[in-house]
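Throughout, protein chains are lettered first and strands after them, A, B, ... in sequence-line order, and every chain is numbered starting at 1. Being a predicted model, the structure only gives us computed values, none of them experimental.
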Amino acid sequence: MKYADIIIDISHERLDKTFEYIVPDELENQVAEGVQVVIPFGQGNRAITGYVVGLHDKPEFDVAKLKPIARVMRDSIAIESQLISLAAFLKRNYGSTMNQALKTVIPIKKKENEKLKKEISLNISLEQAKIELTELLTKKNHAVGKERLLKELLDVDVLDWELATKKLQVPSGNIRDLEKKGIIRVESVRTFRNPHMHKSESKHIVLNDEQEAAAERIKADIDTGRRKTYLIHGVTGSGKTEVYMDVMEHVINMGQQVIVLIPEIALTYQTVMRFYSRFGDRVSILNSRMSPGERFDQFERAKSGDISIMVGPRSALFTPFANLGLIIIDEEHEPSYKSEVIPRYHARETAVYRAHLSGATVILGSATPSLEAYSRAQSGEYELITLNNRAKGQDMAAVEIVDLREELKRGNRSMLSHRLLELMADRLNKKQQIMLFLNRRGLMGFVSCRACGKVLKCPHCDVALHLHKDGTMKCHYCGFTTRATKICPSCGSKYIGSFKAGTQRLEEMVKEAFPSARVLRMDADTTKGKDGHEEILSAFAAHEADVLIGTQMIVKGHDFANVTLVGIVAADISLNESDYHSGERTFQLLTQAVGRAGRGSEPGVAIIQTYQPENYAVVTSAAQDYNGFYEQEIAYRGLLGYPPCSHILGIQVSSESERDAASQADILANLIRKVDPQVIIMGPQDAYIGKLKDVFRRVIYVKDQDYDRLVKIKDSIDSFLLEQKQYRNTTTWFDFDPINTL
DNA sequence: GGAAATCTAAAT
DNA sequence: TTTAGATTTCCC
């Protein structure tokens, strides 16, 4: 007799432990670690799903109370025990229930109706079909549905069932009828919905010396069985991707698989094509637009050995490859690698752990490494590889800093400095292209009263409402919508209005200054459609516009050879954000933006406009001096005890009752003081957004150099909450080394 | 999370 | 004393 430890599929702290069940003899060969099963649970023996996380021969619980497993879920994929260890890692290090951790790691089977795509095709020759059709038309009361279907099938070989029934309005009875007569064929196809690509003539890419040395170094380590974590610090345009690909090929030839993580915004057609054209249909792509079912399909392909490379965002990290050899994290510094849902794991640390489990190599790449990664490289935990030169030998753009204070003194209050205008005129003359950045993320657009200063807020959330074109005001967090008012609700003044989004205002100014210039604007407003980004970017690439205005989203990925001028309109904005990442973010943004200029044959110029020209992030990014920036930033982090020098545990207590959230937060803060008097506690204080969807939120930050110490605090809070009887209406969750202000 | 068990108090 | 309602317990 075998016994199984099972995690119940209910995310609740009180059930966050394994339950032991008997494995019935007839299921013994089906039940394995990682398999999804149905078990009778509770007094009522209601059927609940669960995950097998362990198997043993001797029962550990009172045998009399053990119940047998009811059945094994159809089509459940047994995830490797490795992924269960990974889930345990997530639970321990980032705070969640085991069930939540398992769910982030295991692809969830799509719901009951397994969506097999049904396809209709002719079962007879075209000629015969034409005869059938004419025969059908001779009948007086023939089914028009059949007619439409046959006509359509004369034109296309295969027709989707959905298309036939929805668009052509063919009754399903008609289809069945024709099928019975043997005229058409209906087949259910398992679609993996992978854009099928043909491996184009793979040009053998020749690596330059620097790239070659980097790739060889990693490959040599792999060949001698040394599996490490590498940080490739390569300037923008140094061709990190070629190095990745070279190592990828090496690993694949060894019969191992590769996971490539790419930040969501960079997951564009161009990026994907680079992998397809090199590795053909061994590559699969994951993206966040995919339904859980589609994601499941991709994972199943990976498990079956159908593919060897998975390219995707954060979640692709959990691709169930049996023989994983390499994990690549491109643009390692990107904040999107940190999960915003529980467990709030960081893909970088999790990747290193997964690689450790499967004996794989990790390559992190960035032009502007995160402080976390670079400090680990400094300490020798990661191995640092530096690419100093641009792959095609272009020079870095010349950078000029414009002091906006001086500009103001000279009476120029516009967003564009004299110097920038001058250069723009020159480039427009030469028919070269210009990019203008404004790194403001939708802070504008709120409605405020110019008389009393009141800002209109959402009644359910502690955030400002945004004015929309249709004359309504909307809350971006909960979706609350109301009509825009003409008079201020607090003082009655009619001088109430909205500020235009920065990009919009900038667009107007450029058009005013250069009426004949063709301007494209890219922001949340203009990219509504699902391919909005692509359309705008490819239009710009095709030189259908002279100026591209946008937020950070235009900084990534694309190479525009004809861009010779980049203007960073307001470098300060991200500097003034009130969190410890602002310096790092500013440096990254400016560096990436500067890197956009002069990608082609013409040298580029970048203009940085700022009110703080002496700020170290501005100065070092203008000089493209990462080390200079790193030294100052790490000193600052060390001084103030911020990551990576120290670690932070963010604790959020939320409740519909403002008072309960507050008192519970106070109780927890006192508890922390009691269990570990050494750590530094900040707060409790209101969360950055103090109220969201009618739920009040308080936060506590705990700082310490020792990560494990914070984990212990999390654990003691967890066990305290389990015992505690009051304040059951509050929810508590954790965020380790939070990236965004809670 | 949810059914069953236990407790609480107010209605008969 | 009964009983609806609230609270707590326990689930392998």
Side-chain angles (χ1 to χ4, degrees), chain A residues 1-73 76 78-79 81 84-85 87-88 90-91 95-106 108-109 111-112 292 341-343 652-657 659-661 663-664 667-668 671 693-695 714-715 717-734:
Chain A
M1 197 63 94
K2 283 222 172 220
Y3 302 88
D5 287 330
I6 289 169
I7 291 281
I8 275 59
D9 192 2
I10 296 172
S11 271
H12 193 273
E13 307 81 65
R14 326 204 80 214
L15 295 172
D16 192 24
K17 54 179 173 155
T18 59
F19 288 81
E20 196 171 3
Y21 279 83
I22 297 167
V23 182
D25 292 338
E26 66 272 19
L27 292 180
E28 202 179 319
N29 48 0
Q30 288 181 66
V31 173
E33 255 185 37
V35 160
Q36 216 183 345
V37 292
V38 177
I39 38 130
F41 187 69
Q43 292 98 320
N45 279 340
R46 63 212 165 88
I48 302 269
T49 57
Y51 303 97
V52 178
V53 294
L55 283 168
H56 35 89
D57 298 319
K58 290 260 169 286
E60 276 157 17
F61 198 75
D62 183 3
V63 201
K65 287 185 180 171
L66 295 188
K67 297 173 189 175
I69 293 172
R71 61 188 174 89
V72 173
M73 286 285 273
S76 81
I79 37 151
S81 54
I84 295 177
S85 319
L90 294 182
K91 170 187 154 74
S96 75
T97 64
M98 190 59 185
N99 187 44
Q100 285 169 321
L102 280 170
K103 286 201 158 165
T104 51
V105 156
I106 301 174
I108 304 300
K109 179 72 195 146
K111 294 275 174 285
E112 300 305 309
V341 292
I342 301 166
Q652 193 189 82
V653 179
S654 58
S655 171
E656 296 200 4
S657 148
R659 278 185 51 203
D660 289 358
S663 13
Q664 176 72 332
I667 290 171
L668 294 186
L671 175 77
K693 298 181 188 171
D694 289 318
V695 173
K714 175 208 71 181
D715 289 340
I717 290 176
D718 265 343
S719 47
F720 170 78
L721 291 175
L722 212 54
E723 301 290 309
Q724 193 197 29
K725 302 263 161 82
Q726 324 154 270
Y727 299 115
R728 284 276 169 84
N729 60 337
T730 61
T731 321
T732 305
W733 55 258
F734 304 98

### Task
Could you list where the contact with chain A starts and ends along DNA chain B, reading 5' to 3', using a 4.0 Å heavy-atom cut-off?
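So the outermost contacting nucleotides come out as dG1(B) to dA4(B).
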## Note on the structure
Dot-bracket for DNA chain B, 5' to 3', Watson-Crick and G-U pairs with both distances under 3.5 Å, [ ] for crossing pairs, | for partner on another strand, reads |||||||||||.
### Query
Are any of the side-chain heavy atoms of Leu721(A) and Leu668(A) separated by less than 4.5 Å?
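With C-beta onward as the side chain, the pair touches.
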#### Entry: Sequence-distant partners of Asp660(A), salt bridge (Lys or Arg N to Asp or Glu O under 4.0 Å), two or more places apart
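Asp660(A) satisfies salt bridge (Lys or Arg N to Asp or Glu O under 4.0 Å) with no other residue.
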### Task
Looking only at non-hydrogen atoms, find the nearest pair between Tyr3(A) and Pro59(A) and report the distance.
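Between these two residues, the closest heavy atoms are CE1-CD, 3.4 Å.
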#### Entry: Closest non-hydrogen atom pair, Ile6(A) against Gly50(A)
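Minimum heavy-atom contact is CG2-CA, 3.9 Å.
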### Task
Could you pull out all residues at least two apart from Phe61(A) that satisfy side-chain contact (heavy atoms from CB on, under 4.5 Å)?
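Per chain and number, Phe61(A) pairs via side-chain contact (heavy atoms from CB on, under 4.5 Å) with Glu20(A), Lys65(A), Leu66(A).
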### Query
Looking at residues at least two apart in the chain, or sitting in another chain, which of them share a side-chain contact (heavy atoms from CB on, under 4.5 Å) with Val695(A)?
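Applying side-chain contact (heavy atoms from CB on, under 4.5 Å) to Val695(A) gives Ser654(A), Glu656(A).
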### Message
When you measure from the side chain of Gln30(A) to the backbone of Leu27(A), do you find a donor-acceptor pair of N or O atoms at a distance under 3.5 Å?
### Response
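No: the side chain of Gln30(A) does not pair with the backbone of Leu27(A).
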### Message
I'd like to know if the side chain of Lys103(A) reaches the main chain of Asp9(A), judged simply by a donor and an acceptor atom lying under 3.5 Å from each other, with no hydrogens or angles considered.
### Response
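Judged by distance alone, no pair lies under 3.5 Å.
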### Query
Nucleotide by nucleotide, 5' to 3', does protein get under 4.0 Å of the base (B), only the sugar-phosphate (S), or neither (-) in nucleotides 4-11 of chain C, counting heavy atoms?
-----BBB
### Query
Distance only, no hydrogens: is a donor on one side chain within 3.5 Å (strictly under) of an acceptor on the other, for Asp16(A) and Thr97(A)?
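Looking only at side-chain atoms, Thr97(A) and Asp16(A) do not form any donor-acceptor pair under 3.5 Å.
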### Message
Consider side-chain hydrogen bond (donor to acceptor under 3.5 Å, both in side chains). Of Gln726(A), Arg728(A), Gln724(A), which one does Gln664(A) pass it with?
### Response
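The option that passes is Gln724(A).
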